[in-house]
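Structure record follows, encoded as structure tokens.
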Protein chains: 2
Amino acid sequence: MGVSSRCAVAVHALTLLARDGGGQLLTSAEIAESLDSNPVVVRRVLGRLRDASLVLSSEGSGGGWRLAHSPQAVTLRDAYCAVEEGPVLSLHAHPPSTSCVVGRNVQGVLEEEFTAAEWAMRERLGRTTIADVLSRVLAGDRQSTPQGP
Amino acid sequence: MGVSSRCAVAVHALTLLARDGGGQLLTSAEIAESLDSNPVVVRRVLGRLRDASLVLSSEGSGGGWRLAHSPQAVTLRDAYCAVEEGPVLSLHAHPPSTSCVVGRNVQGVLEEEFTAAEWAMRERLGRTTIADVLSRVLAGDRQSTPQGP
DNA sequence: ACTAACTGTAACTATGGTTGTTCCAGTTGG
DNA sequence: CCAACTGGAACAACCATAGTTACAGTTAGT
């Protein structure tokens with residue numbers, strides 16, 4: 001199946017909020033415009049980031065979303081864990097037969113191995129911060145459209 | 001979303017075939033019985049393993065499936081790559097807006113990071129062989145139901 | 001040659017999660 | 001009081017998976 005695109009949306013939104021030194025206050029409509037998506041979809045994802053204390057939301061007129069921490073302090077792992085629940089690698093849809101040695105014990109082994117594999121994936125995601133992403137995003141623009149003095 | 005359970009089915013089937021030193025010849029019906037599932041589902045997964053040269057199939061009466069290599073030579077990574085195509089971590093459902101710096105460049109950065117994270121996951125899966133799984137499966141049975149002399 | 005036992009594959013259903021959308025209640029600032 | 005937000009429910013469209021049935025093709029044994 002593959003994991004949902006929520007993580008990509010989350011990193012995208014966090015990167016937007018990280019501009020200007022992290023002091024940006026943006027509405028879900030503004031973020032949705034950059035994503036070419038829907039404000040409700042954005043609020044769904046940002047709601048999870050808020051539950052994980054990665055962003056803060058303020059209601060009412062003039063409200064919106066802003067980072068809860070500095071862009072250097074938030075990693076892709078934080079974003080991933082905030083929006084994606086449950087294991088990536090699935091065990092059997094059905095529990096296997098208990099009248100077979102393999103059926104009785106394979107799920108325990110698989111759970112250990114899959115957990116270790118996912119830990120490795122998250123560990124790698126934890127090495128990159130939103131600040132890293134932002135600087136590379138900006139560098140990409142400088143490469144393709146060099147600016148004069 | 002999470003990844004399909006095909007990898008769990010594949011490892012289960014490979015472990016069954018690895019018994020008896022790897023010389024087992026099993027039918028899809030026998031494997032399906034251990035999985036408490038359907039022979040067609042099993043053949044779908046084992047078909048991918050065969051395309052990846054992990055198992056061999058023989059048609060006709062007396063036919064079935066057997067390992068193409070020794071259980072020590074096949075890792076969970078091999079099984080995973082054989083049955084699971086495409087990236088685990090998805091980029092945006094839509095391409096983002098090109099009129100925004102982040103929208104223009106974030107997908108490239110995400111692709112690099114996600115690829116690295118998935119590589120880390122597969123690397124970890126590559127450290128465990130089917131022989132490892134089999135021995136742990138058998139050990140699990142010895143623990144819970146100790147046998148006399 | 002016939003039959004039984006397999007694989008290989010197409011077609012179909014049911015299910016569940018995600019995405020996108022509309023709608024409305026609640027909150028806030030001017 | 002109004003305009004601009006968030007919060008959240010409800011719903012449709014879509015897609016992959018898991019499971020099932022059905023059938024064609026292949027092989028071994030008699």
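What you see is a predicted model, and the numbers here were worked out from it, not measured in a lab. Sequence lines set the chain letters: A, B, ... in the order given, protein chains first and strands last, and positions in each chain run from 1.
Between the side chain of A:Ser135 and the backbone N or O of A:Asp132, at least one donor-acceptor pair lies under 3.5 Å. Formation of a donor-acceptor pair under 3.5 Å by the B:Arg6 side chain with backbone atoms of B:Val83 is found in this model.
Residue B:Gly47 is classed as having no contact, given no heavy-atom separation below 4.0 Å to the nucleic acid.
Side-chain nitrogen and oxygen atoms of B:Arg44 include none within less than 4.0 Å of the OP1 or OP2 phosphate oxygen of C:dT7. Under 4.0 angstrom from either OP1 or OP2 of D:dA18 there lies at least one side-chain N or O belonging to B:Ser5. The shortest distance between the side-chain N/O atoms of B:Ser61 and the OP1/OP2 oxygens of D:dG29 is not below 4.0 Å. At least one side-chain nitrogen or oxygen of B:Ser37 sits closer than 4.0 Å to the OP1 or OP2 atom of D:dG19. Look at B:Arg43 and you won't find any side-chain N or O under 4.0 angstrom from OP1 or OP2 of C:dG8. Checking the phosphate oxygens (OP1, OP2) of D:dT26, no side-chain nitrogen or oxygen of B:Ser58 falls inside 4.0 Å. Phosphate proximity of D:dG7 to A:Ser57: present, with a side-chain N or O under 4.0 Å from OP1 or OP2. A sub-4.0 Å separation between OP1 or OP2 of D:dA18 and a side-chain N or O of A:His92 is absent.
At whole-Å resolution of the value, CG in A:Leu25 and C1' in C:dT28 are 13 Å apart. C:dC6 atom C1' lies 11 Å from atom CH2 of B:Trp65, rounded to whole Å. One interatomic measurement links the two molecules: CZ of B:Arg6 to C1' of D:dA18, which rounds to 10 Å at whole-angstrom precision. D:dC5 atom C1' lies 16 Å from atom CG of A:Leu56, rounded to whole Å. A:Arg48 places its CZ atom 9 Å from the P atom of C:dT19, with the value rounded to the nearest Å. B:Leu26 places its CG atom 10 Å from the P atom of C:dT7, with the value rounded to the nearest Å. Between the P atom of C:dT7 and the CZ atom of B:Arg66 lies a distance of 13 Å, rounded to the nearest Å. Counting to the nearest Å, the P atom of C:dG17 and the CD atom of A:Glu84 are 12 Å from each other.
Ranking C:dC6, D:dA18, D:dG8 by closeness to the A:Val40 side chain, first place goes to D:dG8. Counting only heavy atoms from C-beta on, B:Ser4 has its side chain closest to D:dT17 among C:dT7, D:dG19, D:dT17. Of the candidate nucleotides D:dG7, C:dT21, C:dT7, C:dT21 has the atom lying nearest to any side-chain atom of A:Asn38. The side chain of A:His94 has D:dG19 as its nearest neighbour among C:dT7, D:dG19, D:dT21.
In summary, the side chains of B:Arg43 and B:Ser28 do present a donor paired with an acceptor at a separation below 3.5 Å, with no hydrogens or angles considered. With no hydrogens or angles considered, no side-chain donor-acceptor pair links B:His94 and A:Ser37 at under 3.5 Å. With no hydrogens or angles considered, a side-chain donor-acceptor pair links A:Glu113 and B:Thr128 at under 3.5 Å.
Take the nearest nucleotide of DNA chain C for A:Gly62 and for A:Val41: the residue whose nucleotide is more 5' is A:Val41. Nucleotides of DNA chain C nearest to B:Ala93 and B:Thr27 differ in position, and the one nearer the 5' end is that of B:Thr27.
Side-chain contact check for B:Val55 versus B:Leu14: some heavy-atom pair is nearer than 4.5 Å.
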